[in-house]
Amino acid sequence: LVDAVGGGRRRMSATAAGEWMAAARNAFLLELMMIPYPPRPPPMPGTPPSPPTFCEDDCVVGRNDWTNDGICDDGGPGSEYDGCDWGADCSDCGVRMTQPPAPPSPPPFPQCDQCDAGVLCGICLELIPPNECPNVPGYNALPRCNAPYNASSWPGPGQLCRGFGECGTSTTDDNCLFQSAGGSTYREVYRRKMCDFVPPSPPWPPPLPPSIP
């Protein structure tokens with residue numbers, strides 16, 4: 001190594017050269033120490049635990065052993081029968097995961113506050129306004145309001161039915177007017193209210209007569 005002195009050159013001694021190299025190295029290392037390190041990346045999310053599984057070969061009901069008979073009998077997807085518990089026919093059905101939770105029950109209807117008819121039959125019916133009356137074919141397709149007594153089912157909540165005096169319905173309210181080839185005729189059309197009817201409590205029994213002396 002040489003350095004310039006007065007326009008000439010002067011050879012640097014080995015000791016001075018070593019000291020210069022050491023100083024340059026220390027300066028470089030100090031610069032490296034001043035450089036900020038990038039932030040440490042966040043930890044990787046852990047693997048979620050696997051849902052529990054069910055796999056047993058214990059599909060025995062009474063004297064019938066349906067295990068490993070080539071037919072799935074646990075009532076799950078792909079099964080042909082539901083004779084044994086979920087996951088108890090593993091050889092035929094495969095490994096079963098945890099059964100999904102049952103869907104929540106629908107919210108209950110409010111309690112019925114006023115009914116035009118139906119109380120005698122345990123349902124709540126209201127007469128529909130005239131502007132909601134069906135046409136003649138629609139009326140003829142309606143069930144009667146005492147449908148269970150005609151081997152049918154009750155009208156569902158919000159559905160219509162024809163009243164003919166059964167279950168407390170009227171035959172004189174005439175809320176629906178129908179025009180046909182035979183002329184004009186009035187009928188009673190009810191809607192089952194979307195509410196739960198709570199029948200009144202039965203009356204208290206009469207008091208016992210006094211004992212015979």
Task: Gap between atom CG of Asp116 and atom OG of Ser170 - 0.5 Å precision - done: 9.5 Å
Task: Donor-acceptor contact present, side-chain Arg187 to main-chain Tyr139, <3.5 Å - done: no
- [ ] Check whether the side chains of Asp57 and Thr67 place a donor and an acceptor atom closer than 3.5 Å, and report yes or no.
- [x] no
Task: Atom pair CG/SG of Asp113 and Cys195 - distance to nearest 0.5 Å - done: 7.0 Å
Open item on the list: For the CG atom of Asp82 and the CG atom of Asp89, what is their distance to the nearest 0.5 Å?
Closed with: 12.0 Å
TODO: For Asp85 and Ala88, indicate whether the former's side chain and the latter's backbone hold a donor-acceptor pair under 3.5 Å.
DONE: no
Task: Ring centroid separation Phe178 to Tyr186 under 6.0 Å - done: no
Open item on the list: I'd like to know if Glu126 and Arg192 make a salt bridge, using a cut-off of under 4.0 Å between side-chain N and carboxylate O.
Closed with: no
Open item on the list: In the structure I gave you, are the side-chain heavy atoms of Pro129 and Asn175 within less than 4.5 Å of one another anywhere?
Closed with: no
TODO: Tell me, yes or no, whether the heavy-atom count around Asp173 atom CG, taken from other residues, nucleotides or ligands under 6.0 Å, exceeds 12.
DONE: yes
Task: Under 3.5 Å: donor-acceptor pair, side chain of Gln159, backbone of Pro157 - done: no
Task: Check: Arg96 and Thr53 side chains under 4.5 Å, non-hydrogen atoms - done: no
Task: ILVMFWY network linking Val189 to Leu177, side-chain heavy atoms under 4.5 angstrom - done: no
TODO: Give a yes or no on this: more than 12 heavy atoms of other residues, nucleotides or ligands lie within 6.0 Å of atom CD of Gln114.
DONE: no
Task: pair Glu188-Thr169: side-chain heavy atoms closer than 4.5 Å - done: no
Open item on the list: Quick check: closest heavy atoms across Asp174 and Thr171, and the distance to 0.1 Å?
Closed with: OD1-O, 4.1 Å
Task: salt bridge (charged side-chain N to carboxylate O under 4.0 Å, His left out) partners of Glu80, counting only residues at least two apart - done: none
- [ ] Search all heavy atoms of Ile123 against all heavy atoms of Cys145 and return the closest pair with its distance.
- [x] CD1-O, 4.3 Å
Task: Side-chain heavy-atom pair Trp66, Val60 within 4.5 angstrom cut-off - done: no
Task: Approximate separation, where rounding is to 0.5 Å, of Cys167 SG and Leu120 CG - done: 7.0 Å
- [ ] Indicate yes or no: at least one non-hydrogen side-chain atom of Leu125 is less than 4.5 angstrom from one of Cys161.
- [x] yes
- [ ] Measure the SG-CD distance between Cys93 and Glu56 for me, rounded to the nearest 0.5 Å.
- [x] 12.5 Å
Task: Asn68 side-chain N/O to Asp92 backbone N/O, donor-acceptor pair under 3.5 Å - done: no
Open item on the list: Strictly distance-based, threshold 3.5 Å: is any side-chain N or O of Trp86 a donor or acceptor partner for the main-chain N or O of Phe54?
Closed with: no
TODO: Might you point out which heavy atoms bring Pro134 and Leu142 nearest each other, and give the distance in Å?
DONE: CG-CD1, 4.2 Å
Open item on the list: Would you say that Leu160 contacts Ile128 through its side chain, given a criterion of any heavy-atom pair below 4.5 Å between the two side chains?
Closed with: yes
Open item on the list: A cation-pi test, strictly: NZ or CZ of Arg162 under 6.0 Å from the centre of the six-membered ring of Tyr190 and no more than 45 degrees from its axis. Yes or no?
Closed with: no
Open item on the list: Using every non-hydrogen atom in the two residues, find where Cys72 and Ser79 come nearest and quote the distance to one decimal.
Closed with: SG-CB, 3.4 Å
